[in-house]
Amino acid sequence: MRLGYLALPATIGRHRRVLIAHRHAQRSLRVALGSTGGEGPYAALRREVLRQALAQGRRRGRLRSALAAAGLPQVLGLRLYPQAGGSAELALDRALASLPGAARAAYALLGVEGLDEQAAGDVLTQAGANDPRGAVRTAVAIESDHRLLAAGEFDPCTVQVRPTDLLRRRQRARTGLFTGAAVAVAAVVLAVAAIGGPPEPRRSGGSPGSAAGAQQAIDPAALVRAAPQAWAATARLDFTAWPARGNRAGDRPLLGKALATWANPGPSVQVSATPGTPRTAPSQPPQLLYAGDVDSATVVIFYDGLRLVRYAQARTGGSGAAALDFAQVSDADITTAAAVVVDRGDGNTRFLTAPWVAGSETRDLLQPDKQGVPLHRAADGTTDPVRMPGAGAAAGACGTTWPVLQLRSSSRVVEQHSFLLTDLGDLSPVHLTFTPPPVPGDTARAPREATGPEALDSWAHGACRLGELRGQGVRSVNDWQFARTPLPEGAGSAAWTCDRADTWRGPGRATVQFVPPSAPATAPGTLAGRQTDGSACSRFGRNVLGGVMWRSPAGHWYLLAAGSRDVQSIASSNGVTASVSGSSLAVPAPRDTRATLTAHLKSGATLRPLGGN
């Protein structure tokens, strides 16, 4: 069952995938039990399940799909879904959805069956896959733990049952009646055409099925709307749990206009998108998150499973230009789906908060000792205006404040905890976290919420560098204090941090800073290394090395370097020749020294500072 479910295309939806997987398994059992070959019943069963799943993925056209669905187990008035998994399972599900059917089947054979690459290719060959060896190579390239396939996310036998939407059922019943009438009229027209002569040639264009699907995708009556309390009864806290809110959530003309603009924005519509976010029209009815009047604008926000789409027009509804903004938000969670930008103007931002947000404050990252200020929210979840970071400051400057949201989750869904979000110019604010410095004998630490005193003190030195990330589609930034080292001449201890920014589309950016104890509380640290695209300072790049030139209070210059916990030794050359055992180095050096640093890890690998310094 799991093999069949994984090999089926994700485009047919989880409900139908469950039903089709059951049908394939039931049909394959008859074939396997009647097999007379020497492969054995289970091997025959596995081959037949995959053969049917791959054939299902190759089918095209609504008629064949309808005929194929005729043999499905019948479930009326209910929807079946595998149990929701965590962020890792969702990420794997999305990765598999982008692969060809044979590659999905190969990944299932490697992970579920535990076959090696040769055996997996042989099974795919027997199942009639195209290019089975290429499919196996594609599956092997996926960087994910095969053990995730044992999760409920991929189990079509243990499912959640939900009722279908009553309004949508009524709409579909009406659509069925209209379709039946249209078919009857078409039959009469064809009969008349057959008597009176051959019909006129059919004009070229898209198929009726694709046209009908595109039309339904922009039908306001077909919009997906989550139940008001769905967020309190699910383990999947992301945008799918948001109810439709706003004083115009029932305004069909407005919703229809917003959907039509999304599908076909005219030349007067101002369109923007975060890097890597497609601006394509909706392929199926999206979910409505908000529709309402905010300040001088009327705003509609949709979610299509991958993107947030924000439509805005002048509140007066005149002929002024509309705006359409796209932002990728795949794999959002309780924190990264906790707020969305509704409106910006005059240096202020209004947010719409998630239904599970129980409390909201604003605080200033550049004043870590100052308590947060309560932030009022309306009944529909929209906040009062919040000052945008850097508003009023000179171009490229940080300004004197860096406002952030501090939100508190409801105890109805999770143990109450607070977290920080900052506005970096996109529809989705950025989640800020903190990883404290290592403790001798302790295991590697994981990121935590950046709301404690130590985290806020560290973020005060990194806040102004956040401005470099504006408009880049950043999902989260973790401030990792990977080392604390003693300074020469008894000048105290310095902090070494690596701020890792991860984008929604995948690539990330890392910035290493050196912060001496004499640094002002709000001053950015000294830049000690940078990587604009890579895995540094993430869970896939846990080793980091940084180096700077530092002047002591007595006026003496030193070459300083520090590495993360697995660094065993550091050496310098090219102007200063020195080496030391351990994870930090401090040697006298001329002021303009540009030394080359290298470190050796416990594994024996060599490590260099980010940026190649």
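If you read the sequence from its start, that first residue is 1, and numbering goes on from there. All values derive from a computational prediction rather than experimental measurement.
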Engineer: Flag the pair L420 / R363 as yes when at least one side-chain heavy-atom distance between them is below 4.5 Å, and no otherwise.
Structural biologist: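 Side-chain contact under 4.5 Å: yes.
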Engineer: State whether D423 and R387 are salt-bridged, where the test is any N-O pair (Lys NZ or Arg NE/NH1/NH2 against Asp/Glu carboxylate O) under 4.0 Å.
Structural biologist: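 No, this pair does not count.
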Engineer: Measure across Q328 and G276 and return the closest heavy-atom pair with its distance rounded to 0.1 Å.
Structural biologist: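 Looking at all heavy atoms of both residues, the shortest contact is OE1-O, 3.5 Å.
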Engineer: If I compare all heavy atoms of W459 with all of N478, which pair ends up nearest, and what's the gap?
Structural biologist: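 For W459 and N478, the tightest heavy-atom pair comes out as CZ2-C, 4.4 Å.
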Engineer: What distance separates T606 OG1 from L601 CG, expressed to the nearest 0.5 Å?
Structural biologist: 7.5 Å
Engineer: Is it possible for you to check whether R17 lies under 6.0 Å from the centre of the six-membered ring of Y5, through NZ or CZ, and within 45° of that ring's axis?
Structural biologist: yes
Engineer: Apply the test side chain to side chain contact (heavy atoms under 4.5 Å, CB included) to residues T138 and L99: give CA-CA distance (whole Å), side-chain angles for both, the deciding distance (0.1 Å), then the verdict.
Structural biologist: CA-CA 8 Å; T138 301; L99 299 180; 3.8 Å; yes
Engineer: Is any side-chain heavy atom of L469 closer than 4.5 Å to one of V477?
Structural biologist: yes
Engineer: Mind running side chain to side chain contact (heavy atoms under 4.5 Å, CB included) on Y107 and V136 for me, showing each step along the way?
Structural biologist: CA-CA 7 Å; Y107 192 87; V136 172; over 6 Å; no
Engineer: Verify side chain to side chain donor-acceptor pair (under 3.5 Å) between T422 and W402, making sure each step is shown before the conclusion.
Structural biologist: CA-CA 9 Å; T422 188; W402 194 279; 2.9 Å; yes
Engineer: Check the side chains of T336 and H431 for a donor-acceptor pair under 3.5 angstrom, ignoring hydrogens and angles.
Structural biologist: no
Engineer: Is there a donor-acceptor contact under 3.5 Å from the side chain of T362 to the main chain of V404?
Structural biologist: no
Engineer: Can you name the one residue among L365, L405, L421, L456 that meets side-chain contact (heavy atoms from CB on, under 4.5 Å) with L432?
Structural biologist: L365
Engineer: Would a 4.5 Å heavy-atom cut-off, applied to side chains only, mark T435 and D479 as touching?
Structural biologist: no
Engineer: Could I get the full list of side chain to side chain contact (heavy atoms under 4.5 Å, CB included) partners for T125, not counting sequence neighbours?
Structural biologist: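 If we apply the side chain to side chain contact (heavy atoms under 4.5 Å, CB included) test to T125, skipping adjacent residues, the hits are P132.
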Engineer: Measure across V548 and A528 and return the closest heavy-atom pair with its distance rounded to 0.1 Å.
Structural biologist: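 Distance-wise, the nearest heavy atoms are CG1-CB, 3.5 Å.
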Engineer: To the nearest 0.5 Å, what is the distance between CD (Q367) and OG1 (T401)?
Structural biologist: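 The OG1 atom of T401 is 8.0 Å from CD of Q367, to the nearest 0.5 Å.
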Engineer: Has the side chain of S458 got a donor or acceptor atom that lies under 3.5 Å from a matching backbone atom of E454?
Structural biologist: no
Engineer: Using only heavy-atom distances, determine whether the side chains of T485 and W496 contain a donor-acceptor pair under 3.5 Å.
Structural biologist: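 Side-chain D/A pair, T485 to W496: present.
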Engineer: For P403 and D364, work out which heavy atoms get closest and say how close.
Structural biologist: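 In this case the closest contact between P403 and D364 is N-OD1, 4.3 Å.
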Engineer: Would you compute the distance between atom NZ of K602 and atom OG of S569 and round it to the nearest 0.5 angstrom?
Structural biologist: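 Answer rounded to 0.5 Å: 12.0 Å.
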Engineer: Checking the side chain of S572 only, and the main-chain atoms of T596 only, is there a donor and an acceptor separated by less than 3.5 Å?
Structural biologist: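 No, the answer is negative, given that no donor and acceptor are paired below the 3.5 Å cut-off.
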Engineer: Hey, could you give me each pair passing disulfide (SG to SG under 2.5 Å) that has a residue in residues 455-529? Not counting sequence neighbours.
Structural biologist: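 Listed once each, the pairs are C398-C464, C498-C537.
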Engineer: Okay, side chain of R310, backbone of V340: is any donor-acceptor separation there less than 3.5 Å?
Structural biologist: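 Checking the backbone N and O of V340 against the side chain of R310, no donor-acceptor pair under 3.5 Å is found.
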Engineer: Using the ring of each side chain (for Trp, its six-membered ring), is Y558 parallel, tilted or perpendicular to W550, with breaks at 30° and 60°?
Structural biologist: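 Y558 vs W550 ring planes: tilted.
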Engineer: Is there a side-chain contact between R2 and D155 (heavy atoms, below 4.5 Å)?
Structural biologist: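 Touching, per the 4.5 Å side-chain cut-off.
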Engineer: Any heavy-atom pair between the side chains of P588 and W557 that's under 4.5 Å?
Structural biologist: no
Engineer: Under a 3.5 Å cutoff, is there a donor and acceptor pairing between the side chains of D426 and T274?
Structural biologist: no
Engineer: So, does E361 use its side chain to make a donor-acceptor pair with the main chain of Q406 at under 3.5 Å?
Structural biologist: no
Engineer: Quick one: does T593's side chain have a donor or acceptor within less than 3.5 Å of a partner on A595's backbone?
Structural biologist: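 Judged by distance alone, no pair lies under 3.5 Å.
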Engineer: So, using ring pair (Phe, Tyr, Trp, His ring centres under 6.0 Å) as the criterion, who are the partners of F239 when residues are at least two apart?
Structural biologist: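 So F239 forms a ring pair (Phe, Tyr, Trp, His ring centres under 6.0 Å) with W242, Y303.
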Engineer: Between the side chains of S272 and D325, is a donor N or O closer than 3.5 angstrom to an acceptor N or O?
Structural biologist: yes
Engineer: Quick one: does any side-chain atom of R104 pair with a main-chain N or O of A7 as donor and acceptor, under 3.5 Å?
Structural biologist: yes
Engineer: Identify whether the distance between the nearest side-chain nitrogen and carboxylate oxygen of D592 and R594 falls below 4.0 Å.
Structural biologist: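 Salt bridge flag = no for R594 with D592.
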Engineer: Please step through salt bridge (Lys or Arg N to Asp or Glu O under 4.0 Å) for the pair R137 and E117, ending with a clear verdict.
Structural biologist: CA-CA 8 Å; R137 287 194 297 270; E117 297 178 26; over 6 Å; no
Engineer: If you take all heavy atoms of W356 and D333, which pair is closest and at what distance?
Structural biologist: CZ2-O, 4.3 Å
Engineer: Drop me the distance from L597's CG to R608's CZ, to the nearest 0.5 angstrom.
Structural biologist: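 The CG atom of L597 sits 10.5 Å away from the CZ atom of R608.
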Engineer: Flag the pair R133 and D122 as a salt bridge only when some basic side-chain nitrogen lies within less than 4.0 angstrom of an acidic carboxylate oxygen.
Structural biologist: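 The answer is yes: the pair qualifies as a salt bridge.
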Engineer: Calculate, to the nearest 0.5 Å, the distance between atoms CG and CE belonging to L3 and M1 respectively.
Structural biologist: 10.5 Å
Engineer: When you measure from the side chain of S564 to the backbone of V544, do you find a donor-acceptor pair of N or O atoms at a distance under 3.5 Å?
Structural biologist: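 Yes, because the side chain of S564 sits within donor-acceptor range (under 3.5 Å) of the backbone of V544.
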Engineer: For residues I334 and F419, determine if any side-chain heavy atom of one lies less than 4.5 Å from a side-chain heavy atom of the other.
Structural biologist: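 I334 vs F419: side chains apart.
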Engineer: Between CG of L124 and CG of D131, what distance do you get to the nearest 0.5 Å?
Structural biologist: 10.0 Å
Engineer: Could you tell me whether a side-chain N or O of H461 sits under 3.5 Å from a main-chain N or O of A523, the two making a donor and an acceptor?
Structural biologist: yes
Engineer: Could you tell me if R465 and Q513 have a donor-acceptor pair between their side chains, going purely by distance under 3.5 Å?
Structural biologist: yes
Engineer: Can you find a pair of side-chain heavy atoms, one from F351 and one from L407, that are under 4.5 Å apart?
Structural biologist: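 Of all side-chain heavy-atom pairs linking L407 with F351, none is under 4.5 Å.
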Engineer: For L560 and L585: C-alpha separation, side-chain torsions, deciding distance, then whether side chain to side chain contact (heavy atoms under 4.5 Å, CB included) applies.
Structural biologist: CA-CA 6 Å; L560 305 180; L585 175 146; over 6 Å; no
Engineer: In sequence, state the C-alpha distance, the side-chain angles, and the governing distance for V329 and L306, and then conclude on side chain to side chain contact (heavy atoms under 4.5 Å, CB included).
Structural biologist: CA-CA 6 Å; V329 289; L306 172 67; over 6 Å; no
Engineer: For the backbone of H556 and the side chain of S552, can you confirm whether one donor and one acceptor N or O come within less than 3.5 Å of each other?
Structural biologist: yes
Engineer: Where is the tightest heavy-atom contact between L527 and R530, given as atom of each residue plus distance?
Structural biologist: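 The answer is CD1-NH2, 4.0 Å.
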Engineer: Heavy-atom distance under 4.5 Å between the side chains of V430 and R475, does that happen here?
Structural biologist: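 With C-beta onward as the side chain, the pair stays apart.
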